[in-house]
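Worksheet: one structure, shown below.
The sequence lines fix the lettering, A, B, ..., with proteins before strands; numbering per chain opens at 1.
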Number of protein chains: 2
Amino acid sequence: MNLETDDVRQNEGRTRELDAFDRKLLGLLVEDATRSYAELGEQVGLSAPAVHERVKRLKRTGAIHQTAALINPIAVQKTLLAFVHVDTAGWGKTPELLGIAKYPEVEEIHSVAGDTCMLLKVRTKDSRALEGLLARIYDVPGVIKTRSYVVLSTHMERPVQPAITTEWPAPRLPSQR
Amino acid sequence: MNLETDDVRQNEGRTRELDAFDRKLLGLLVEDATRSYAELGEQVGLSAPAVHERVKRLKRTGAIHQTAALINPIAVQKTLLAFVHVDTAGWGKTPELLGIAKYPEVEEIHSVAGDTCMLLKVRTKDSRALEGLLARIYDVPGVIKTRSYVVLSTHMERPVQPAITTEWPAPRLPSQR
DNA sequence: CATATTGGCCGAATCTTATTCGGTCACAAG
DNA sequence: CTTGTGACCGAATAAGATTCGGCCAATATG
């Protein structure tokens with residue numbers, strides 16, 4: 001592969017408004033990133049080189065930040081999914097807490113508004129492993145308590161979708177209740 | 001592309017234990033699914049055709065269920081991320097509630113143990129859109145109330161990792177606290 | 001108004017990579 | 001011991017990615 005080719009990472013800042021073609025391409029690629037440029041072109045009505053050019057730009061500008069294989073948690077022995085709310089004394093966004101990112105069972109770490117400080121999405125082999133992870137979380141200075149929501153079943157889980165609902169249907173009126 | 005070629009979807013059931021090569025390949029592909037088979041082979045110590053064979057099997061057996069472009073929420077105008085806990089009267093897993101899956105801002109729907117019935121991960125354009133979505137959730141018969149945790153900042157967010165922590169370091173002993 | 005300049009598209013090469021195809025080897029069952 | 005079976009490899013082939021030159025429209029420029 002040539003150097004200078006496909007250099008992602010440059011011009012991260014550009015956000016030159018996505019047009020209809022870009023949106024469609026994003027939709028198709030989120031669904032299946034293995035499609036050929038020829039097929040993509042056919043779907044959106046462009047030639048393969050034109051699609052290639054656009055996809056390259058989407059990557060360059062960061063609209064697409066990664067192309068990943070999504071794996072089945074069961075296949076890799078991660079049967080337990082849980083969301084852990086962490087209350088901390090003071091400002092929870094400490095390097096120590098972020099340090100738990102080193103464990104591959106931690107998938108997300110967010111600071112949230114509401115009665116908790118941090119929210120974690122974790123996926124472990126079993127409850128034993130969740131316990132091990134929670135123990136490590138409690139080790140972090142400033143952690144007051146945690147509340148874990150163990151997932152019983154997942155009805156849907158998908159990557160960020162490019163589509164946006166522009167018109168929210170009116171809720172049923174109170175009189176109709 | 002040939003028919004009969006690359007038919008994923010068959011033999012979903014097979015879970016013939018993943019070996020070290022498979023794990024390494026999964027790790028590499030989760031990180032970047034655009035790598036060539038030659039490069040993958042170099043990394044794990046196999047020839048390109050051998051890698052191809054294994055990756056095909058990983059897809060066939062469902063260990064890899066999708067290859068997706070992961071997109072930057074900001075690029076598609078989805079600035080607001082929130083986790084919504086939904087309390088329902090009775091068993092919340094109704095078709096009506098699952099019906100909200102049709103909105104592209106809904107990324108996850110789980111049934112959870114704990115004081116709530118369902119947990120949603122949603123990503124919207126702004127708080128206005130979150131309101132619109134919540135209105136639709138309240139429309140579902142049986143929904144008692146919701147609690148939303150709005151994300152202020154995301155410190156980490158990544159796909160399912162194949163690695164597993166086998167030995168959890170011992171927590172600090174109480175005497176050391 | 002005439003004319004550069006730019007950006008984006010296309011078809012036609014070209015080159016890289018995926019995929020297929022024997023053939024070999026190790027291991028296990030008969 | 002012989003026969004399968006599964007997985008590997010190198011080489012050959014096919015498919016797809018990437019590059020290239022030219023074209024065209026929209027927009028600046030003199």
Measuring to OP1 and OP2 of [N], would you say a side-chain N or O of [X] lies under 4.0 angstrom away?
X      : N       : answer
H52(A) : dA17(D) : no
R57(A) : dG8(C)  : yes
K56(A) : dT19(D) : yes

Atom pairs under 3.5 Å, N or O on each side, protein against nucleotides 9-12 of chain C: can you list them with distances?
{"from": "dC9(C)", "atom 1": "OP1", "to": "R54(A)", "atom 2": "NE", "distance (Å)": "2.9"}
{"from": "dC9(C)", "atom 1": "OP1", "to": "R54(A)", "atom 2": "NH2", "distance (Å)": "2.8"}
{"from": "dC10(C)", "atom 1": "OP1", "to": "S47(A)", "atom 2": "N", "distance (Å)": "3.4"}
{"from": "dC10(C)", "atom 1": "OP2", "to": "S47(A)", "atom 2": "N", "distance (Å)": "2.7"}
{"from": "dC10(C)", "atom 1": "OP2", "to": "S47(A)", "atom 2": "OG", "distance (Å)": "2.5"}

Name each donor-acceptor pair under 3.5 Å that joins a side chain in residues 95-105 of chain A to protein atoms two or more places apart or in another chain, with its distance.
{"from": "E105(A)", "atom 1": "OE1", "to": "T165(B)", "atom 2": "N", "distance (Å)": "3.3"}
{"from": "E105(A)", "atom 1": "OE2", "to": "T165(B)", "atom 2": "N", "distance (Å)": "3.3"}
{"from": "E105(A)", "atom 1": "OE2", "to": "T165(B)", "atom 2": "OG1", "distance (Å)": "2.4"}

With sequence neighbours excluded, residues passing side-chain hydrogen bond (donor to acceptor under 3.5 Å, both in side chains) with [X]:
X       : answer
T34(A)  : D32(A)
S127(A) : none
T146(A) : Y138(A)

Exercise for the section: Please list, chain by chain and in numerical order, all residues satisfying side chain to side chain contact (heavy atoms under 4.5 Å, CB included) with K24(A), sequence neighbours excluded. Expected result: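 If we apply the side chain to side chain contact (heavy atoms under 4.5 Å, CB included) test to K24(A), skipping adjacent residues, the hits are V44(A).
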
Practice task
Tell me which residues in residues 30-37 of chain A put a heavy atom below 4.0 Å from DNA chain D, sorted by number, or none.
Solution key: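 Residues of residues 30-37 of chain A that come under 4.0 Å of DNA chain D are, in numerical order, S36(A), Y37(A).
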
Practice task
Look at atom CZ of R147(A) and say whether more than 12 heavy atoms of other residues, nucleotides or ligands are closer to it than 6.0 Å.
Solution key: yes

Exercise for the section: Figure out the CG/C1' separation between L40(A) and dA17(D), and round it to whole Å. Expected result: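 So the CG-C1' distance, L40(A) to dA17(D), works out to 12 Å.
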
Practice task
Could you state the atom-to-atom distance from CZ of R60(B) to P of dG6(D) in whole Å?
Solution key: 11 Å

Let me have the donor-acceptor pairs involving side chains of residues 62-70 of chain A, under 3.5 Å, with sequence neighbours excluded, atom names and distances please.
{"from": "Q66(A)", "atom 1": "NE2", "to": "V30(B)", "atom 2": "O", "distance (Å)": "3.0"}
{"from": "Q66(A)", "atom 1": "NE2", "to": "E31(B)", "atom 2": "O", "distance (Å)": "3.1"}

Exercise for the section: Could I get the full list of salt bridge (charged side-chain N to carboxylate O under 4.0 Å, His left out) partners for R158(B), not counting sequence neighbours? Expected result: none

